[in-house]
J.: 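Mind looking over this structure? Questions follow.
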Amino acid sequence: MSPFAHLIGSWLVASATTDNPRDRKLVTWAGVLPDLDGLGVVPDVVGSCLSGKECTFYYYQTYHHLLLHGWPGAIAVSILLSLFARQKWRVLLLCLLTFHLHLLCDFVGSRGPSFGDFWPICYSEPLFRHPIWFWKHQWRLDGWQNQTIFIGLFLTSIWVATTKGFSFVEVVSSRADKVVVKVLQKWRRQLFDRAGSRAP
Ligand SMILES: [Zn+2]
């Protein structure tokens, strides 16, 4: 799944299981940070642009899913994030949960464009090579399954935002979040007012 889908999914878990913005953000980040190991794509593309050579995605292919997609990464990220939490133990466990939810989503739906282009989960990397898990029915990263899940997550997050008064935008900016939620709540009121006025 895309990092954005991971963010919304993790935020939904966080918004249902924590009671303050700080812990909510931390639990959400735990579900997104595994994809930090995909940032090798930046030097890949920049290097290719500067040299004029074809982009081979060397760093991306070498490190993505290997540095932060296993239990060592899960423990390191979760402990680190929980240090900043209000409810440390609770956040530690929830970070482990959203981190593993990320792994599960990648396990089922992150195949490349060609049929045999599986992305395995190397659960003990970068410390040990094994175990290596992959699912032979893994669907494409841009497949309809991921798109459907994303739409479901997105609509649910909008609903939660208008109901609870905070949205996933809070993860990057509390100020922007307030503006977004205000607009969403206005739209929701208008939508329901219109529907109500049409009712017999
Ligand atoms: Zn991932």
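As the structure is a computational prediction, the values presented were derived from the model and not from experiment. Ligands are counted one by one from 1 in listed order, and the atoms in each one are counted from 1 as well.
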J.: Output the atom name for the N/O/S atom of D106 with the smallest distance to the Zn ion (ligand 1).
T.: OD2

J.: Quick one about H69 and H102 (side-chain donor to acceptor, distance below 3.5 Å, no hydrogens or angles considered), yes or no?
T.: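 There is such a pair (donor and acceptor under 3.5 Å, judged by atom type) between the side chains of H102 and H69.
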
J.: Could you tell me whether the side chains of Y123 and H100 share a donor-acceptor contact shorter than 3.5 Å?
T.: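 A pair is found: one side chain offers a donor N or O, the other an acceptor, under 3.5 Å apart.
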
J.: I'd like to know if the Zn ion (ligand 1) has an N/O/S atom from H64 within less than 2.8 Å of it, counting both backbone and side-chain atoms.
T.: no

J.: Quick check on the Zn ion (ligand 1): does H69 put an N/O/S atom closer than 2.8 Å to it?
T.: yes

J.: Under 2.8 Å from the Zn ion (ligand 1), is there an N/O/S atom belonging to D35?
T.: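 Of the N, O and S atoms in D35, at least one lies under 2.8 Å from the Zn ion (ligand 1), which means yes.
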
J.: Regarding S157 and W11, is there a side-chain donor-to-acceptor distance under 3.5 Å anywhere?
T.: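 No, because no side-chain N or O of S157 sits under 3.5 Å from a partner of the opposite role on W11.
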
J.: Could you check whether T163 and R188, counting side-chain N and O atoms only, form a donor-acceptor pair closer than 3.5 Å?
T.: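 Side chains of R188 and T163: pair found under 3.5 Å.
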
